[in-house]
There are 2 protein chains.
Amino acid sequence: MNTTPKRKRSSGATVTTVQVAEAAGVSVATVSRFLTGVTRVSEAKREAIEAAIAQLDFKPNLLAASLKRGRSMTIGVLTQDVNSPFFTETVLGVEAALDGSGYEPLITSVHWNPKEEAERIRRLIARRVDGVIVLSGRLAEPALRRLAQQVPIVATGRQFKTSASPLRGLRLDNEAGGYLATRHLLELGHRQIAHIEGWPGTCDAAERLAGYRRALQEFGVDFDPHLVTSGNFSESGGLLAMNRLLDSGRSFTAVFAANDQTAYGARLALYRRGVRVPEDLALVGFDDLPASLYTTPPLTTVRQPMFEVGKLAAQTLLQLIEGGPAQPQMPTLSLMVRETTSRLR
Amino acid sequence: MNTTPKRKRSSGATVTTVQVAEAAGVSVATVSRFLTGVTRVSEAKREAIEAAIAQLDFKPNLLAASLKRGRSMTIGVLTQDVNSPFFTETVLGVEAALDGSGYEPLITSVHWNPKEEAERIRRLIARRVDGVIVLSGRLAEPALRRLAQQVPIVATGRQFKTSASPLRGLRLDNEAGGYLATRHLLELGHRQIAHIEGWPGTCDAAERLAGYRRALQEFGVDFDPHLVTSGNFSESGGLLAMNRLLDSGRSFTAVFAANDQTAYGARLALYRRGVRVPEDLALVGFDDLPASLYTTPPLTTVRQPMFEVGKLAAQTLLQLIEGGPAQPQMPTLSLMVRETTSRLR
DNA sequence: TTGTATGCGTTATCAC
DNA sequence: GTGATAACGCATACAA
């Protein structure tokens with residue numbers, strides 16, 4: 001130990017259970033019992049301890065407790081982008097589910113970087129989190145499975161082969177969402193429906209496209225590859241894609257964008273060119289971000305119940321930690337009909 | 001200890017430095033030195049330790065290290081709403097500043113609730129975080145100052161009387177922002193300029209209003225209280241306020257909204273009534289949220305450099321932790337002229 | 001450079 | 001119900 005007392009807070013040295021015990025005239029064990037509530041403590045000692053704690057301004061050290069217990073009562077939450085409503089809404093759901101459970105979330109963001117993702121999980125494990133929730137992770141399944149041997153993991157937006165290891169995937173039916181969006185347009189009379197894809201190569205993008213194709217087929221509309229152009233789930237991607245579509249010379253009366261952000265970008269491209277929505281062109285998004293209620297006009301979109309997904313992820317993880325079975329039932333997608341779609345005239 | 005081994009991971013019992021030391025044929029101290037890098041270790045032992053670590057799949061326990069060191073190398077970040085771009089952008093700045101410093105952020109959200117805020121900080125202290133960053137906190141100064149005696153705290157969106165305790169406030173000049181927004185409208189020829197206030201009673205709201213009044217005065221325009229109506233920094237508040245303004249019968253050609261979200265709501269009210277922006281009415285926001293680049297049309301707004309604020313907050317906190325002086329220089333606000341404002345015709 | 005011994009603050013085991 | 005005491009896993013003062 002240093003002789004100089006390492007710059008402590010004003011109150012001087014840290015006060016520990018030992019000092020509380022001394023001041024209260026009991027043993028540390030009793031103080032600990034009082035704190036954890038695991039065993040009954042007599043009324044007299046209880047009061048003495050309470051007084052001592054108040055007088056000394058004692059704050060229990062969770063670090064020490066966690067070390068001893070072997071559990072930290074924290075769960076790590078990895079988000080790709082703290083700046084995206086899509087993720088933050090899920091985090092809200094996680095927080096809601098954890099509230100009152102005794103567990104606390106430890107949120108970090110990894111910026112869509114799989115290497116950073118693995119590194120973060122390792123550091124969380126080093127911190128001895130009791131479980132990890134990965135939102136829309138990009139880490140390969142084998143790597144994830146290896147990590148799951150050290151700590152239970154629940155990942156959203158993914159599916160895994162087996163549920164042997166404490167690893168669960170929570171995946172919404174994106175194909176059904178794409179189908180819902182496209183069918184809505186078809187029902188409104190549209191037949192020339194373009195699609196701005198999501199990030200090429202991702203499951204989400206592929207499944208939404210598949211749903212789009214299934215709806216077309218169901219209505220007897222031929223699939224036209226020229227009406228499909230790729231985006232990247234971002235506003236700028238949507239803007240560029242919309243411009244490409246407009247410049248292609250193909251005619252179309254509706255657009256299904258792979259997500260809301262893509263739709264926002266597409267909307268701006270249309271505004272710039274004086275194309276009215278929905279009079280000249282119908283537009284449907286995917287996600288139902290909070291902002292979609294206040295776009296001009298409010299966006300028709302497929303609602304992803306991310307709050308519920310977050311809640312479910314946390315509940316599933318808790319079950320995994322307790323050693324339960326954990327076979328979660330996924331919520332379903334729904335269509336939010338607003339003002340960017342109207343009957344074809 | 002339980003006789004049942006408390007459900008350990010597949011690899012069996014946790015592997016510690018002791019076992020690594022045994023396997024490598026050295027002492028625990030040497031293993032520790034290898035891990036921390038505080039002292040040189042001979043090449044031979046170093047290799048032996050590395051081999052042992054790899055073979056045993058050893059993961060250092062940060063909890064134990066933190067307990068021993070008295071520092072956890074984590075800093076707590078309190079955000080009011082993980083779901084708001086305003087906060088999440090600040091968090092990004094914090095992460096950027098912390099990156100490479102050895103410290104890791106521990107993010108939690110407290111939903112604008114001062115009681116929860118205090119409780120969260122206490123729990124963070126229990127976890128022995130080395131510092132706390134509070135984003136737009138609502139906790140009263142005395143309470144905050146008391147907590148700051150236990151751990152250094154940096155709070156954004158606030159100012160404090162003295163800098164005696166390890167507590168710093170980081171506040172942007174909101175008055176200057178309100179002035180900037182209003183002057184822009186005045187320069188475009190507008191004279192009847194309405195204002196939708198922020199949350200009544202908050203500093204931010206009051207200062208932005210003050211800036212609005214100063215600009216009016218500077219241009220010799222009388223302040224008309226009927227052109228000011230209160231909002232609450234949210235979309236729905238902006239929508240309601242805009243409707244009130246429109247229904248009041250007063251004439252005005254421009255609106256300065258207290259923040260971007262308010263402007264989004266106002267924009268929707270205008271769309272619903274067929275009022276064109278900016279042809280019929282100019283609109284200015286405050287914050288420059290990422291979404292404001294993609295509204296229809298893109299929103300003219302006052303940019304709050306929240307990323308920089310987050311960075312500055314983290315840097316200031318780090319200095320506080322090291323015991324430095326820490327008198328941060330705040331960045332300034334700027335106007336982002338986009339497409340919701342035009343010259344009065 | 002390396003090893004020994006001790007302690008960080010708490011919880012859990014055991015005997016009373 | 002209560003009190004000694006031994007861990008939890010790691011870092012460091014000290015001696016070598």
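Side chains included, hydrogens not; waters and symmetry mates left out as well; all remaining heavy atoms used. Order of the sequence lines fixes the chain letters, A, B, ..., with proteins taken first and strands second; residue numbering starts at 1 for each chain.
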Given atom [atom1] of [X] and atom [atom2] of [N], what is their separation to the nearest angstrom?
X	N	atom1	atom2	value
K59(A)	dG9(C)	NZ	P	16 Å
L63(B)	dG9(C)	CG	C1'	12 Å
F34(A)	dG9(C)	CZ	P	20 Å
L67(B)	dA7(D)	CG	P	17 Å
I49(B)	dC10(D)	CD1	P	13 Å
E47(A)	dG1(D)	CD	C1'	16 Å
L35(B)	dT12(D)	CG	C1'	14 Å
R71(B)	dG9(C)	CZ	P	15 Å

Mind listing the closest non-hydrogen atom pair of V132(A) and V134(A) along with its distance?
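Looks like CG1-CG2, 3.8 Å.
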Hey, are S109(A) and E95(B) close enough side-chain-wise for a donor-acceptor pair under 3.5 Å?
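A donor-acceptor contact under 3.5 Å links the two side chains.
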Please report the C-alpha distance between S72(A) and R128(A) in whole Å, then the side-chain angles of each, then the deciding distance to 0.1 Å, and finally whether the side-chain hydrogen bond (donor to acceptor under 3.5 Å, both in side chains) criterion is met.
CA-CA 6 Å; S72(A) 64; R128(A) 293 304 188 261; over 6 Å; no
Please list each protein N or O that sits under 3.5 Å from an N or O in nucleotides 2-6 of chain C, with the distance.
from	atom 1	to	atom 2	distance (Å)
dT2(C)	OP1	S42(B)	OG	2.4
dT2(C)	OP2	S42(B)	N	2.8
dG3(C)	OP1	K45(B)	NZ	3.3
dG3(C)	OP2	S27(B)	N	3.1
dG3(C)	OP2	S27(B)	OG	3.1
dG3(C)	OP2	T30(B)	OG1	2.5
dG3(C)	N7	R33(B)	NH2	2.6
dG3(C)	O6	R33(B)	NH1	3.3

Can you give me every donor-acceptor pair (side chain of residues 27-48 of chain A, partner residue at least two apart or in another chain, under 3.5 Å) with its distance?
from	atom 1	to	atom 2	distance (Å)
S27(A)	OG	A29(A)	N	3.4
S27(A)	OG	T30(A)	N	3.4
S27(A)	OG	T30(A)	OG1	3.2
T36(A)	OG1	S32(A)	O	3.0
T36(A)	OG1	V38(A)	N	3.4

May I ask you to check whether over 12 heavy atoms, not counting those of R171(A), lie within 6.0 Å of atom CZ?
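Counting neighbours around CZ of R171(A), more than 12 heavy atoms of other residues, nucleotides or ligands fall under 6.0 Å, so yes.
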Give one of base, sugar-phosphate or nothing for F58(A), where a contact means two heavy atoms less than 4.0 Å apart.
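Since only primed, P, OP1 and OP2 atoms lie under 4.0 Å of F58(A), the category is sugar-phosphate.
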Looking at every strand, decide which applies to T36(A) at a 4.0 Å heavy-atom threshold: base, sugar-phosphate, or nothing.
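The residue T36(A) makes sugar-phosphate contact but no base contact.
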Are the side chains of F87(A) and Q80(A) in touch, meaning some heavy atoms are under 4.5 Å apart?
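Answer yes - side chains close enough.
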Could E117(A) and R120(A) be called an ion pair, given the rule that one side-chain N must be under 4.0 Å from one carboxylate O?
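R120(A) and E117(A): not salt-bridged.
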Phosphate OP1/OP2 of dG9(D): any T16(B) side-chain N/O under 4.0 Å:
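False: T16(B) side-chain N/O out of range (4.0 Å or more) of dG9(D) OP1/OP2.
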